Enquirer: 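Here you go, one structure.
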Amino acid sequence: NTFVAQYEGAERPDRVSAAIWQGAYFAVISGVLLTVLAPFTAGVFYLFRHDGQALRWNQTLEKETEYSADEIRRLTPLEVVAPEDRERTGQNIEKTLRQGWGQIELSLLSKSGRRSAYLILSRRIVVEGEPCVLGIGVNLAERRQAEEKARRLAAFPELNPNPVLEFAADATLTYFNHAAILVARDV
């Protein structure tokens with residue numbers, strides 16, 4: 001039993017995910033590569049046929065959606081997406097199947113109603129002669145937390161009541177905060 005998958009659309013990879021899909025032509029004997037690869041994919045990983053039938057996914061998808069493997073097999077991709085994102089997600093799936101790639105931010109919806117924001121990157125591939133969608137999802141909550149932390153750290157020098165100065169290697173002043181201005185006025 002040979003499971004053959006071929007990436008389509010290599011001529012139009014988008015900027016964000018081009019590196020992820022390098023070497024995307026592959027042949028898989030009995031699904032071994034996808035079975036081995038899926039657990040090690042950061043975020044969610046999925047492969048479904050053009051009719052929505054799930055073929056492969058990782059445990060992260062099960063954990064995020066709170067659905068068992070048997071339940072995921074019976075669900076369509078839109079059933080794990082928040083209702084307000086379903087129309088756009090359906091359009092993105094159609095685009096992926098038509099143009100070869102897609103990208104969307106959406107909320108995954110768990111069985112208990114918990115929402116998790118994700119950036120989904122998808123590619124059309126052909127599996128045993130049928131068009132399919134292969135994708136990964138990156139949890140945006142972690143990224144947004146890191147961005148917020150970076151914003152707070154960036155604001156710290158400005159909020160500091162003490163003078164903060166930054167100099168380049170050639171002794172050029174590159175930054176000063178409001179407290180530094182007040183001290184400079186007094187000098």
Side-chain angles (χ1 to χ4, degrees), residues 7-26 33-34 36-47 57-66 77 80-82 84-89 91-93 95-96 99-110 112-125 133-187:
Y7 166 67
E8 291 184 359
E11 68 282 354
R12 293 208 44 195
D14 65 0
R15 297 184 314 260
V16 175
S17 62
I20 295 171
W21 303 101
Q22 286 179 351
Y25 286 98
F26 51 86
L33 179 59
L34 288 177
V36 171
L37 178 65
F40 298 104
T41 305
V44 298
F45 170 90
Y46 60 86
L47 172 66
W57 59 90
N58 64 358
Q59 288 182 341
T60 305
L61 183 64
E62 292 177 21
K63 178 182 166 200
E64 286 292 320
T65 63
E66 301 171 352
V80 297
V81 174
E84 63 273 13
D85 293 334
R86 287 182 183 158
E87 183 177 345
R88 286 185 316 105
T89 302
Q91 292 168 351
N92 189 64
I93 291 169
K95 175 189 174 200
T96 300
Q99 295 181 1
W101 62 273
Q103 177 178 318
I104 188 171
E105 287 189 22
L106 56 77
S107 290
L108 288 181
L109 183 64
S110 73
S112 68
R114 181 178 46 84
R115 296 166 187 259
S116 302
Y118 269 82
L119 170 63
I120 303 291
L121 307 172
S122 56
R123 292 286 185 208
R124 177 186 61 223
I125 64 171
V133 176
L134 173 68
I136 60 169
V138 179
N139 188 311
L140 291 177
E142 294 169 6
R143 185 181 87 179
R144 289 177 180 157
Q145 287 172 352
E147 289 172 352
E148 179 58 30
K149 185 176 182 178
R151 275 193 292 280
R152 283 195 320 271
L153 289 173
F156 180 76
E158 194 59 40
L159 299 174
N160 190 336
N162 299 309
V164 176
L165 303 171
E166 178 184 67
F167 292 91
D170 65 357
T172 305
L173 181 62
T174 58
Y175 174 83
F176 53 89
N177 67 355
H178 185 68
I181 294 171
L182 295 176
V183 169
R185 284 187 190 158
D186 293 339
V187 176

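Remember, it's a predicted structure, so these values are computed and weren't measured experimentally.
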Enquirer: Does S116 reach the main-chain N or O of L108 with its side chain, forming a donor-acceptor pair under 3.5 Å?
Expert: no

Enquirer: Minimum heavy-atom separation for P157 and L153, please, with both atom names.
Expert: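 Closest approach of P157 to L153: CD-O, 3.4 Å.
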
Enquirer: What heavy-atom pair brings A179 and P161 nearest, and what distance separates the two atoms?
Expert: CB-O, 3.2 Å

Enquirer: Are any of the side-chain heavy atoms of Y46 and L134 separated by less than 4.5 Å?
Expert: no

Enquirer: For the side chain to side chain contact (heavy atoms under 4.5 Å, CB included) test, which of I136, I93, N92, I104 pairs with S122?
Expert: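 Going through the options one by one, the only one that passes is N92.
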
Enquirer: Where the side chain of N177 meets the backbone of N162, is there a donor-acceptor pair that is under 3.5 Å apart?
Expert: yes

Enquirer: Would you name the heavy atoms of S110 and E64 that are closest together and state the gap between them?
Expert: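 Nearest heavy atoms, S110 then E64: CB-O, 3.4 Å.
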
Enquirer: Crowded around E87 CD? As in, over 12 foreign heavy atoms under 6.0 Å?
Expert: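 Result for CD/E87: open.
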
Enquirer: Side chain of R88, backbone of E105: donor and acceptor closer than 3.5 Å?
Expert: yes

Enquirer: Under the side chain to side chain contact (heavy atoms under 4.5 Å, CB included) criterion, do F45 and T60 qualify, and how do the steps go?
Expert: CA-CA 8 Å; F45 170 90; T60 305; over 6 Å; no

Enquirer: Could you tell me whether the side chain of L109 reaches within less than 4.5 Å of the side chain of R86, counting heavy atoms only?
Expert: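 Yes, close enough: below the 4.5 Å cut-off.
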
Enquirer: How about V44 and W57: do any of their side-chain heavy atoms sit closer than 4.5 Å?
Expert: no

Enquirer: Provide the closest heavy-atom pair for S107 versus D85 in the form atom of the first, atom of the second, distance.
Expert: N-OD2, 2.8 Å

Enquirer: Measuring from T96:OG1 to Q103:CD, what's the distance to the nearest 0.5 Å?
Expert: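 CD of Q103 is found 10.0 Å from OG1 of T96.
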
Enquirer: OG1 of T174 to CZ of F167: how many Å apart, nearest 0.5 Å?
Expert: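 Reported value, rounded in 0.5 Å steps: 8.0 Å.
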
Enquirer: For a 4.5 angstrom cut-off between non-hydrogen side-chain atoms, does N58 reach L61?
Expert: yes

